[in-house]
S.K.: 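One structure, pasted below without further comment.
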There are 2 protein chains.
Amino acid sequence: MGFQPVMDARKKRILEAVTDDYISTAEPVGSRTIARRYNLGVSPATIRNEMADLEESGYLEQPHTSAGRIPSEKGYRFYVDFIMKRKPVSEEERARIRRALAERRREIDLIVEETARILAYLSRYAAFVLSPISRAGVFRRIELMPVDGQTVLVVLIIDPGFVRTHLIATSRTLTREQLANIAEFLNLRLAGLSLSHIGSSLLREIKEELDDYNTLVDAAIEAIARFLENRHEEQIYSDGQVNLLEQPEFQDILKARSVLEFFAEDDALRSLLSGAAEVGGVTVTIGREAGHPSMGMCSMVSAPYEVRGVRMGALGVVGPTRMHYSRVVALVELVAENLGDVLTRILVT
Amino acid sequence: MGFQPVMDARKKRILEAVTDDYISTAEPVGSRTIARRYNLGVSPATIRNEMADLEESGYLEQPHTSAGRIPSEKGYRFYVDFIMKRKPVSEEERARIRRALAERRREIDLIVEETARILAYLSRYAAFVLSPISRAGVFRRIELMPVDGQTVLVVLIIDPGFVRTHLIATSRTLTREQLANIAEFLNLRLAGLSLSHIGSSLLREIKEELDDYNTLVDAAIEAIARFLENRHEEQIYSDGQVNLLEQPEFQDILKARSVLEFFAEDDALRSLLSGAAEVGGVTVTIGREAGHPSMGMCSMVSAPYEVRGVRMGALGVVGPTRMHYSRVVALVELVAENLGDVLTRILVT
DNA sequence: TTTAGCACTCTGGCCGTGCGAGTGCTAACG
DNA sequence: CGTTAGCACTCGCACGGCCAGAGTGCTAAA
């Protein structure tokens with residue numbers, strides 16, 4: 001004891017059978033069913049014994065006495081980590097992904113939106129895509145452009161290839177030349193810096209220098225600071241939330257509501273996704289591992305997407321814990337790769 | 001016959017009582033209940049007779065024999081048009097609306113988003129806001145700005161006060177001066193025109209002229225045309241869709257799903273809203289009047305919002321047909337006014 | 001160690017019953 | 001003639017009992 005009980009090959013096969021069956025039927029699965037459907041060459045009684053062992057070591061659980069078994073979170077975890085093989089994505093699906101993302105668009109937001117759509121469509125679960133951020137990016141250039149007397153358009157160009165625009169109000173009217181001067185100064189100070197290095201202290205410093213130089217810029221630079229801060233927030237694109245309502249576990253409206261509310265309130269989701277982005281590779285978060293009660297009966301399969309090795313964002317699929325992991329893991333990985341490729345093509349001109 | 005049966009004062013009061021009661025309890029209401037709760041000074045028996053009349057003329061219906069009555073769509077329509085009084089919005093709610101919209105923001109998208117949020121919060125139903133369009137707007141200025149070798153940022157400034165930006169790809173590298181020239185030319189031709197007058201024919205014409213003048217602009221102007229077209233699409237901001245799941249009529253997951261799917265597929269919703277925007281004033285669309293099966297058990301209360309008399313967009317609340325019309329109508333009207341005011345303050349500098 | 005047999009348990013569906021709410025009709029009343 | 005009281009009737013729904021089916025754990029035999 002203290003030792004993890006040995007998971008021999010037969011136990012593994014039985015855990016696999018139970019999980020596979022439960023994933024596709026959503027009903028607790030009994031020894032008889034396994035003996036019939038998966039030919040392990042042993043009788044139901046033997047399977048019963050093994051299942052009792054598996055239950056004792058926490059891989060399976062019984063919804064109630066004398067029902068079949070279902071995988072526990074620990075069971076799913078073991079299944080995902082050591083048993084399951086990724087189910088290759090069919091050529092047709094691959095083609096669909098390529099087609100969806102290949103249209104010649106320059107607007108990243110549209111691509112990301114489309115990614116969420118195709119991911120939801122192919123997974124039949126809910127899909128989320130965190131739009132690319134550029135914390136890892138480098139400040140390339142800022143431009144200021146007068147719109148009207150009290151409004152200035154800030155254009156921020158970040159390497160690789162992002163453009164963000166933002167309207168700010170100024171208390172005084174600035175001429176095009178004044179704006180150009182300010183922009184020039186900012187560019188001198190900021191160009192080439194990584195965004196994560198442009199903190200509020202640096203900005204305050206610059207602001208003071210500029211204050212000496214030209215008091216007109218007060219409102220402008222403050223707005224820019226706000227802008228730099230705010231724009232770090234990644235936006236979440238989502239699709240297919242209603243897909244979850246088809247799943248038997250969400251026939252109970254209370255559960256459905258709690259999950260949908262969780263999605264609507266997207267801060268938690270955002271941190272889940274960006275957490276996944278830090279790990280690299282496909283992450284599977286099962287049930288309460290996510291640390292949020294509303295996600296208790298959900299799992300998330302997520303992966304970051306990269307441009308030239310730099311992680312730009314993440315995407316994920318949320319479904320019931322009883323999820324087609326083998327299919328979804330492969331799908332998420334593939335879509336993340338595709339999105340990375342498309343962005344690479346666009347950004348790295 | 002042929003004549004609409006007379007709707008005398010007592011029938012009206014009874015229809016009102018039935019509707020009010022059903023709206024707040026969601027249960028079919030019987031004659032006894034009405035006699036008890038609303039003192040009409042008559043006995044249940046009399047009310048029964050009147051209710052039988054109302055049912056015959058189609059204002060009420062019975063879910064099944066020997067249940068209470070509920071209003072039919074026709075009943076709701078009559079209630080909304082001739083009976084109900086708008087329930088004044090409380091000072092606290094007014095303050096909340098003002099506070100939500102009053103924050104000094106220049107970004108219209110954020111304001112619109114906030115409007116959807118506050119509308120959903122106060123109505124406790126689902127809220128939708130169609131972002132402002134500028135079909136009625138006037139082209140003021142275009143600016144072209146190089147981002148990198150093959151990318152140009154298009155900034156389109158529209159009167160009153162909108163700024164739209166769009167990235168386009170060009171096949172060749174254009175210098176800042178070349179871009180400025182092109183922009184200048186476009187400004188000469190387009191400035192002052194109403195957006196609805198800038199059709200594809202005019203653009204083609206300009207393109208030909210420019211082709212003679214400078215073949216470099218080919219990709220650029222084409223992208224601008226696309227841009228002008230695309231940007232006419234109004235975006236829908238929504239919030240509070242999950243609120244509907246609290247309503248007893250959506251405890252049935254199938255109904256809930258069909259409504260949420262309808263929302264997700266937002267083209268129909270968009271046309272409903274923009275239809276409402278054309279009428280002016282608050283519009284109430286009851287059940288199948290919306291012409292879409294999924295909306296059969298929903299109603300929408302919508303209103304356009306205006307800047308200086310020009311309708312810029314619309315907003316609406318969707319709830320069950322059994323909706324608190326008197327409250328929501330007043331709320332929608334007030335929020336539309338507030339949004340109009342805020343936009344006016346921002347746009348008309 | 002595996003298997004067969006068996007008694008036991010628990011859920012879900014089905015059915016019948018009773019209750020409550022509400023109706024429509026008829027007859028009496030002012 | 002409109003209004004009311006009384007009454008029989010009709011549903012829907014919640015409750016409880018019952019049965020069938022699926023599955024288990026245990027024991028004893030192979």
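Reminder, nothing fancy here: chain letters follow the sequence lines and each chain counts from 1.
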S.K.: Using atom CZ of B:R37 as one end and atom P of C:dA21 as the other, report the distance to the nearest whole Å.
M.R.: 12 Å
S.K.: What is the distance from CG of B:L40 to P of D:dT4, rounded to the nearest Å?
M.R.: 11 Å
S.K.: Counting distance only, does the side-chain N/O of B:Y125 pair as donor-acceptor with the main-chain N or O of B:H324 below 3.5 Å?
M.R.: yes
S.K.: Which residue, B:S43 or B:H64, contacts DNA chain D at a nucleotide closer to its 5' end, judged by nearest heavy atom?
M.R.: B:S43
S.K.: Under 4.0 Å between a side-chain N or O of B:R48 and OP1 or OP2 of D:dG2?
M.R.: no
S.K.: Is any side-chain N or O of A:R69 closer than 4.0 Å to OP1 or OP2 of D:dG25?
M.R.: yes
S.K.: Mind calculating the distance between CG (A:N49) and C1' (D:dA29) to the nearest angstrom?
M.R.: 15 Å
S.K.: If you compare every side-chain N and O of B:R32 against the phosphate oxygens of C:dG20 (OP1, OP2), does one of them come in below 4.0 Å?
M.R.: no
S.K.: Please report, rounded to the nearest Å, how far the C1' atom of C:dT1 is from the CD atom of A:E50.
M.R.: 11 Å
S.K.: Among C:dT3, C:dG24, D:dT4, which is the nearest nucleotide to the side chain of A:V42?
M.R.: C:dT3
S.K.: Roughly, in whole Å, what's the span from CZ in B:R36 to P in C:dG22?
M.R.: 7 Å
S.K.: Round to the nearest Å and state the distance from A:Q251 atom CD to C:dG12 atom P.
M.R.: 15 Å
S.K.: Assign each of B:G41 and B:P63 to its nearest nucleotide of DNA chain D by heavy atoms, then name whichever residue's nucleotide is nearer the 5' end.
M.R.: B:G41
S.K.: Between A:F82, A:F78, A:Y79, which is the residue that forms a ring pair (Phe, Tyr, Trp, His ring centres under 6.0 Å) with A:Y59?
M.R.: A:F78
S.K.: Of the listed nucleotides (C:dT23, C:dT3, C:dT9), which one gets closest to any side-chain atom of A:S66?
M.R.: C:dT9
S.K.: Checking B:Y38 against B:D21 for the side chain to side chain donor-acceptor pair (under 3.5 Å) test, could you report, in this order, the C-alpha distance in whole Å, the side-chain angles of both residues, the deciding distance, and whether it holds?
M.R.: CA-CA 10 Å; B:Y38 308 78; B:D21 209 80; 2.9 Å; yes
S.K.: Between C:dT23, C:dA4, D:dT3, which one does the side chain of B:R10 approach most closely?
M.R.: D:dT3
S.K.: Looking for any heavy atom pair under 4.0 Å, which part of the strands does B:T46 touch: base, sugar-phosphate only, or nothing?
M.R.: base
S.K.: Just to be sure I understand the rule, does A:A45 reach a base, reach only the sugar-phosphate, or reach nothing, if contact means heavy atoms closer than 4.0 Å?
M.R.: base
S.K.: Just the rounded figure in Å: distance from P of D:dA22 to CD of A:Q62.
M.R.: 17 Å
S.K.: Do B:T19 and B:Y325 meet the criterion of a side-chain donor-acceptor pair at a distance under 3.5 Å?
M.R.: no
S.K.: Using a cut-off of strictly less than 4.0 Å, decide whether B:S31 has a side-chain nitrogen or oxygen near OP1 or OP2 of C:dG22.
M.R.: no
S.K.: Within the side chain of A:R86, is there an N or O that forms a donor-acceptor pair under 3.5 Å with the backbone of A:S326?
M.R.: no
S.K.: Should B:T65 be listed as having a side-chain N or O under 4.0 Å from OP1 or OP2 of C:dG22?
M.R.: no
